[in-house]
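One structure below.
The basis for the numbers below is simple: all heavy atoms, side chains too, and nothing from hydrogens, waters or symmetry mates. Since we're looking at a predicted model, the values are computed, not measured. All residue numbers in this chain count up from 1 along the given sequence.
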Amino acid sequence: EPPPVLEVRGEVFMELKEFQALNERRAKEELPLFANPRNAAAGSVRQLDSTITASRRLRFFAYGWGAAEPPIGGSYQGFLDMLAGMGLRVNPLNRLCRNAEDLLAYHDEIGGRRAGLGYDIDGVVYKVNDLKLQQRLGFVGRAPRWAIAHKFPAQQAVTEVDDIVVQV
């Protein structure tokens with residue numbers, strides 16, 4: 001049963017296939033194309049016309065909270081399990097790691113699976129599981145001391161220049 005008050009936070013994203021379909025529709029309508037799925041999702045959420053937002057197949061991963069009564073306690077993994085039990089979508093790739101070696105192995109695993117996920121990611125986020133310890137660690141400004149992003153190397157591609165025309 002959900003708590004009486006729970007403000008759920010998370011991330012709205014667009015799957016790659018939906019992003020491609022959206023840009024195909026926009027091209028046919030001679031509208032500007034979105035540069036990437038992140039911009040498309042952000043632009044979709046900011047629409048003043050909710051029917052436009054509703055027409056775009058946005059997805060959501062729940063991963064945090066704001067207001068909560070009673071306060072959230074225990075472990076972060078327990079919190080994610082509670083969200084999933086309430087029918088909210090949490091990222092199924094979350095994993096409890098016990099040491100630095102586990103974290104690095106997980107980062108490598110997800111990096112290897114990245115291209116087949118169906119949505120863009122730029123790294124993984126490590127979070128302290130013990131919520132009391134999270135509270136003790138606190139924040140620096142808006143950044144939590146109990147979470148850190150471990151980014152993947154930038155994706156690279158080779159471009160072949162077919163021709164150069166020099167003009168004055």
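The cationic atom of R9 (NZ for Lys, CZ for Arg) does not lie both less than 6.0 Å from the six-membered ring centre of Y63 and within 45° of the ring axis.
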Taking it one step at a time, do L131 and Q135 satisfy side-chain contact (heavy atoms from CB on, under 4.5 Å)? CA-CA 6 Å; L131 296 182; Q135 213 169 25; over 6 Å; no
Run the side-chain contact (heavy atoms from CB on, under 4.5 Å) test on F34 and L22 for me, step by step, so that the C-alpha distance in whole Å, both residues' side-chain angles and the decisive distance to 0.1 Å come before the verdict. CA-CA 9 Å; F34 287 108; L22 174 62; 3.6 Å; yes
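Minimum interatomic distance between D122 and R114 (heavy atoms only, all atoms of both residues): CA-NH2, 4.1 Å. Contact between L33 and A27 at its shortest, heavy atoms only, is CD2-N, 3.7 Å. Considering all non-hydrogen atoms of both residues, L6 and M82 come closest at CD2-CE, 3.8 Å.
Under a hydrophobic clustering in which Ile, Leu, Val, Met, Phe, Trp and Tyr are joined whenever their side-chain heavy atoms come within less than 4.5 Å, directly or via other members, Y126 and L93 fall into the same cluster. A continuous path of ILVMFWY side-chain contacts below 4.5 Å connects V90 to M86, so both sit in one hydrophobic cluster. L103 and I148 fall within a single hydrophobic cluster, where Ile, Leu, Val, Met, Phe, Trp and Tyr side chains are chained together by heavy-atom contacts under 4.5 Å.
Side chain of D102 to backbone of R98: a donor-acceptor contact under 3.5 angstrom is found. The main-chain N or O of S75 is never found under 3.5 Å from a side-chain atom of D130 such that the two would form a donor-acceptor pair. Without hydrogens or angle criteria, N94 side chain to N91 main chain gives a donor-acceptor distance under 3.5 Å. A donor-acceptor contact shorter than 3.5 Å links the side chain of R26 to the backbone of P32. S44 places no side-chain N or O within 3.5 Å of a backbone atom of T53 that could act as its donor or acceptor partner.
R57 CZ: 12 or fewer foreign heavy atoms inside a 6.0 Å radius. The number of heavy atoms from other shown groups lying within 6.0 Å of CD (E7) is above 12. Annotation for E109: atom CD counts as buried by contact number, over 12 foreign heavy atoms lying within 6.0 Å.
Between W65 and the choices L83, V8, V5, I72, the side-chain contact (heavy atoms from CB on, under 4.5 Å) rule is met once, by I72.
No side-chain donor-acceptor contact under 3.5 Å links Q134 and N129.
Once rounded to the nearest 0.5 Å, the distance linking CG of L80 with CD of Q77 reads 5.5 Å.
Using a cut-off of 4.0 Å between Lys/Arg side-chain N and Asp/Glu carboxylate O, E29 and R25 are scored as not salt-bridged.
Within the 4.5 Å cutoff, the side chain of L104 has heavy atoms near those of the H150 side chain. Between V140 and R145 the shortest side-chain heavy-atom distance falls below 4.5 Å. Here the side chains of E11 and R38 are in contact, with some heavy-atom distance below 4.5 Å. Residues M14 and R59 have side chains not in contact (no heavy-atom distance under 4.5 Å, counting atoms from C-beta outward). In this structure, the side chains of L117 and L16 stay at 4.5 Å or more apart for every pair of heavy atoms. Taking the side chain as every heavy atom from C-beta outward, W146 and K127 approach each other to under 4.5 Å. When side chains are defined from C-beta on, V12 does not count as touching F61, because their heavy atoms never get closer than 4.5 Å. Side chains of Y76 and V128 form no contact here, defined as non-hydrogen atoms less than 4.5 Å apart.
Taking the centre of each ring, F13 and F19 stay at or above the 6.0 Å mark.
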